[in-house]
Amino acid sequence: MIRIAVPNKGRLATPSLELLERAGFDLDGRTNRALQANIGHGFAALFVRARDIPEFVADGAADVGITGGDLVAEADRPVERLLDLGFGRCRLAVAAREEGDVHCLEDIAPHVRVATSFPTITARFFAERGCPVDVVPVSGAAEIVPHLGVADVIVDLVSTGSTLKVNGLKEVATVLDSEALVIGRPDVPADDERSRSIGVLTAALESVLRARDKRYLMANVPRESLDEVRRILPGLNGPTVVDVLDGDGHLAAHAVVDRRDVYGVIADLKGIGAEGILVSKIERLMP
Ligand code: AMP
């Protein structure tokens, strides 16, 4: 059985479960609050804190894990980045009080107190810039710290920046960009059965991610306009064109289209006399 560590709560939990479900794993069998579940295809999910996942993967308690790139960097353990998942996007940023004297990194003097729940990354970031700081570890809600006089500067996760703003803070620099990742152990031999199964898993997840921004478009097009159809519907390898029985001079053209292009493609197809246009979501796409 291959063990996959999945965040049990927080903002990565729901998108991680949805992704696994779309890739064909069965998460219905999970009874509420169960810490482990058999999710099919030889995989068991371990539901644990996102922050612990790099450690569990490095230790071999789990074979693979889904967690934030920020947490992987903070754990600083030997794990391999297998796939970028495109959700949980945020950045780890240096922030200071809006009306304070810190406007850029150069305003931060050596040994200033910096509050963060990312002590390893923070210490390294400032040390690499020749400005070692005194890290004040907090487990969350770092935004309040500058107002309590505990530290003037914080390093915290930001996505839109609105939480900083509401708390009278401004962003001074980006330490790290982050998104959810699939991580694995670097020491699994490539010809190992586990390694093969993990390859199948990442290919399945990737196929779901690839399909997310694509649509399958079908249209009946006039037989004589195939050159224009090829221009309008490039598809993955050109459109698939099939006969329509009693099609009355029409052929059916099918193609995968970028989600953002659907609007324009429909207008162009209408312009050449297409009929019966259908657009549908794609569950998985493996080119
Ligand atoms: P949490 O919801 O606090 O358990 O956060 C878990 C992970 O979600 C973080 O470590 C990040 O990888 C990710 N994340 C994405 N956006 C944000 C954000 N705006 N604030 C905090 N975490 C975020």
Side-chain angles (χ1 to χ4, degrees), residues 4-22 27 30 32-35 45-59 61-62 64-96 98 114-125 135-147 151 153-184 202 205-206 208-209 212:
I4 174 165
V6 183
N8 61 348
K9 53 179 146 186
R11 36 188 116 206
L12 300 183
T14 304
S16 301
L17 293 182
E18 275 174 12
L19 175 62
L20 288 168
E21 234 158 20
R22 289 207 180 122
L27 288 136
R30 183 192 176 198
N32 247 351
R33 292 173 191 273
L35 300 179
L46 309 179
F47 300 100
V48 289
R49 286 183 52 203
R51 196 170 265 271
D52 294 333
I53 289 177
E55 188 65 46
F56 290 162
V57 172
D59 284 350
V64 275
I66 298 179
T67 190
D70 52 330
L71 300 173
V72 174
E74 178 60 22
D76 202 18
R77 299 284 280 129
V79 294
E80 193 178 351
R81 178 178 185 146
L82 299 179
L83 185 66
D84 294 2
L85 295 174
F87 60 81
R89 282 213 168 97
C90 57
R91 59 192 180 277
L92 194 59
V94 181
E98 229 150 35
V114 179
T116 184
S117 47
F118 292 85
T120 304
I121 301 176
T122 299
R124 188 183 300 152
F125 177 80
V135 173
V136 180
V138 293
S139 59
E143 298 91 349
I144 191 70
V145 172
H147 302 289
V153 176
I154 65 167
V155 169
D156 205 359
L157 291 173
V158 181
S159 45
T160 60
S162 58
T163 309
L164 288 183
K165 220 179 183 115
V166 167
N167 289 292
L169 301 173
K170 63 172 181 265
E171 216 170 317
V172 170
T174 300
V175 176
L176 176 107
D177 287 304
S178 177
E179 67 182 279
L181 307 176
V182 178
I183 53 168
T202 51
L205 299 180
E206 209 172 0
V208 174
L209 300 175
R212 213 176 26 186

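Every number for a ligand or one of its atoms is a count from 1 in the order of the listing.
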Just to verify, what does R49 make a side chain to side chain donor-acceptor pair (under 3.5 Å) with, not counting sequence neighbours? none

Flag if over 12 foreign heavy atoms under 6.0 Å of CZ, R77: yes

Atom CZ of R51 with >12 non-hydrogen neighbours under 6.0 angstrom: yes

Validation row: V145, V136 side chains within 4.5 angstrom (heavy atoms): no

As a test of reading the model: which residues have a non-hydrogen atom less than 4.0 Å away from ligand 1? G10, R11, L12, G68, D70, L71, G88, R89, C90, L157, S159

Which heavy atom of S178 sits nearest a heavy atom of D70, and at what distance? OG-N, 2.9 Å

Between I154 and L164, does a side-chain contact (heavy atoms from CB on, under 4.5 Å) hold up when you go through it step by step? CA-CA 10 Å; I154 65 167; L164 288 183; 4.3 Å; yes

